[in-house]
Amino acid sequence: MATRSPRKTSTRRKTRSTRAASAKSASSTRATSAKKSSAAPAVPSIPAGQRVWLLELPWGGLGGGMPPRVTYFKSLTAHAYVGTALPSALEPYASKPYSYLRWREDELNGSTGPGATAAPMTLRPEQRADVDAIATAAERGFRQVHLANDVGTGKTLVAVAAAKAIATMRGARTILVTVDRPARITIPSWRRTTAALNSTDGGDDGLRWIIMSSDSLGKLMARNGRPRLKVDVAVIDEAHQFRHDSKRTSYMRRLTRMDGPHEKSPFVLTITATPGHHPGEWGYMSSLYAQVHGDPPTQWADFGRAMADRGVPLEPSYGKWTWSAEAKESLQTQQAAIRDVRDILLRHDPPLMLTRSAPWGPPPFDVDLVELTADQWRAYELEWGDFQREMQLARTGNNVARGLAALVRLRQKASMIRVEHTVAAAKAELARGFQVLIATEMVSTAAHPVAEMLEADGIPVARIYGSNPEAEAERMRFQRGEAPVVVFNTPTAINLQAGEQFADGSFATATPRRGFFHQARYSGLLAEQTMGRAHRNHQVCSWSLLI
């Protein structure tokens, strides 16, 4: 009887195994292809006669889950609804006018959605003069102007009017506005001002505004690091945010093409009354200084180096630029250097920096001494002794972190000791007919205990600190007088003044404001900005530092 060859049998087995593997691979490939073909599209499909709405829904949906016909699109990082009309339940989550989400929505629909509305606002004569000066610089080919008018002089109104004038002059279309925190307050404020001027002079004029927080600029960058859109005019509010190298500074420089040729750059209007602690922190104006000196922008990218090379007393320190050792010993030397660098732009023809003083003068400021009780003094002295020991150990061991921890701990303890005194000062001013602002820096050892002690005495308090999602609602409680006291740690970009005009044409209370620093700010820039929250637009607010 014939027998099979073992080799042939092995070969047949291998062949069957190979065929099975091939079949499995083909099946896997077909399954993968099927998955790919059935995957959700990158953007919504919009049938004729319908449109898409991009939504800012909370993660996890609305209570009972995701609403019908709402889909999340990863490429848009947003939910979308497609239909003939947006259901009323989804209206609170619709994209806001002048937001980046609305810009993406308009791109998908091929048409613009409804803009914002607000009671009209008009410019004062000095504001109109500033707009004309900015437009003149743009008309003569300069790439930037810096608006450094005093806090509270109405720079937002000037900026919106100037941006519209320049865009119209250049036939531009896209205007980017970057704002500081808290975005839940600053973005609505800019939206209101933009809508108010559009109401005054006849609509958007075909312009597309994008108002967003500087922390969100990464959304405008593609994966290759290039901007997703072409910016024609950029308004950089609270420009001192960009005085140090950071990711958002890098995004801002790329979006405004700061290292590109002068003639191909968008027009940039930077805004802040507090440009920096020294000229080395004015890097967000590097391209403008390069243009004035007739240099390529890249030559001024390291702004501190460019300033030092031209005789400004600066030196590098831990990756930043700071005053030289000689300048640190002489306030006169520092002031002279700031004046020389500023005057390059201020005295240029046309002026490339505007520094209008507030007609109502600087905020009245004083120091109020707090007399501690014997127990409070004893507690403070103990903390002061601990602080001295920790600082000595930190210096001996060259331990910066230990020194900072000791400093924070002392400030926390001292802040807690002073809470009842701040509350007493606030209550006294309320009795005199003021609405009171209490500025803090820390939350758990300052803002919280001050607010809680006031409320325990039956005094309503508006809280604008931490990550409060109701920050704008809290601001309005104070502005409408529903809460006579506001405790806040936001130094910039919010309005707490008497008589503020709202979008609906109504006004904040005319009750005069009175401010207290419960905690001192280390930065003079932030202290000045903080006082400007209520001392603005012809409304005077006196401030005291409690020590």
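Bear in mind that the values here come from a model prediction, so they are computed numbers and not experimental data. Values below: all heavy atoms of this structure, side chains included; hydrogens, waters and symmetry mates excluded.
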Close aromatic pair by centroid cut-off 6.0 Å: F73 and H79: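 No: the rings miss the under 6.0 Å criterion.
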Geometric class of the W103/Y100 ring pair [parallel <30°, tilted 30-60°, perpendicular >60°]: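 Parallel.
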In terms of heavy-atom contacts, does [atom1] of [X] have more than 12 from other residues, nucleotides or ligands at under 6.0 Å?
X: D245; atom1: CG; value: no
X: E371; atom1: CD; value: no
X: K247; atom1: NZ; value: no
X: K219; atom1: NZ; value: no
X: R181; atom1: CZ; value: no
X: R514; atom1: CZ; value: yes

Using a 3.5 Å distance criterion without hydrogens, assess whether the side chain of [X] forms a donor-acceptor pair with backbone atoms of [Y].
X: R248; Y: F242; value: no
X: R191; Y: Y98; value: no
X: Y284; Y: P275; value: yes
X: N495; Y: Q497; value: yes
X: R536; Y: T153; value: no
X: D150; Y: S357; value: no
X: R533; Y: I494; value: yes
X: R475; Y: R463; value: no
X: H538; Y: A358; value: no
X: R102; Y: S95; value: yes

Residues V179, M212; criterion side-chain contact (heavy atoms from CB on, under 4.5 Å); working and verdict: CA-CA 6 Å; V179 301; M212 65 192 310; over 6 Å; no
How long is the span from the [atom1] atom in [X] to the [atom2] atom in [Y], to the nearest 0.5 Å?
X: L430; Y: K427; atom1: CG; atom2: NZ; result: 9.5 Å
X: E383; Y: I417; atom1: CD; atom2: CD1; result: 7.0 Å
X: R356; Y: Q127; atom1: CZ; atom2: CD; result: 8.5 Å
X: L404; Y: E390; atom1: CG; atom2: CD; result: 12.0 Å
X: Y93; Y: E56; atom1: OH; atom2: CD; result: 11.0 Å
X: T445; Y: Q519; atom1: OG1; atom2: CD; result: 5.5 Å

F517 and W543: CA distance, side-chain angles, deciding distance, ring pair (Phe, Tyr, Trp, His ring centres under 6.0 Å) verdict: CA-CA 7 Å; F517 283 98; W543 281 84; 4.9 Å; yes
side-chain contact (heavy atoms from CB on, under 4.5 Å), paired with T270, selected from T256, I236, D237, T178: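 The passing option is I236.
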For the student: nearest non-hydrogen atoms of [X] and [Y], plus distance:
X: P363; Y: C541; answer: CB-O, 3.9 Å
X: P279; Y: A337; answer: CG-O, 4.3 Å
X: M416; Y: P449; answer: SD-CG, 3.9 Å
X: L54; Y: E105; answer: N-OE1, 2.9 Å
X: R477; Y: A462; answer: NH1-CA, 3.8 Å
X: I175; Y: A163; answer: CD1-O, 3.9 Å

Criterion side chain to side chain donor-acceptor pair (under 3.5 Å) on Q479 and T509, from CA distance to verdict: CA-CA 6 Å; Q479 288 296 80; T509 65; 5.9 Å; no
Check against side-chain contact (heavy atoms from CB on, under 4.5 Å), H278 and L314: CA-CA 9 Å; H278 55 75; L314 299 172; 3.8 Å; yes
Side chain proximity check, [X] to [Y], heavy atoms < 4.5 angstrom:
X: Y81; Y: W53; answer: yes
X: V158; Y: I134; answer: yes
X: L176; Y: V235; answer: no
X: H240; Y: T492; answer: yes
X: I464; Y: V486; answer: yes
X: M353; Y: M285; answer: yes
X: L147; Y: L269; answer: yes
X: E238; Y: Q529; answer: yes

Any luck finding a side-chain donor-acceptor pair between [X] and [Y] under 3.5 Å?
X: T186; Y: S189; answer: no
X: S523; Y: H277; answer: yes
X: H518; Y: T440; answer: no
X: N537; Y: W360; answer: no
X: H421; Y: Q376; answer: yes
X: D366; Y: S544; answer: no
X: E326; Y: T333; answer: no
X: R254; Y: S250; answer: yes
X: Q241; Y: S214; answer: yes
X: D504; Y: S506; answer: yes
X: E315; Y: T322; answer: no

Salt bridge flag under 4.0 Å for residues R124 and E126: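 Yes.
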Basic-acidic side-chain contact under 4.0 Å: R411, E441: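 Yes, R411 and E441 are salt-bridged.
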From CA spacing to verdict: side-chain contact (heavy atoms from CB on, under 4.5 Å), Q334, W323: CA-CA 8 Å; Q334 296 176 22; W323 290 116; 3.5 Å; yes
Intermediate values then yes/no, side chain to side chain donor-acceptor pair (under 3.5 Å), T249 and S246: CA-CA 5 Å; T249 298; S246 63; 3.0 Å; yes
Steps toward side-chain contact (heavy atoms from CB on, under 4.5 Å) verdict (H535, V540): CA-CA 5 Å; H535 184 79; V540 175; 3.8 Å; yes
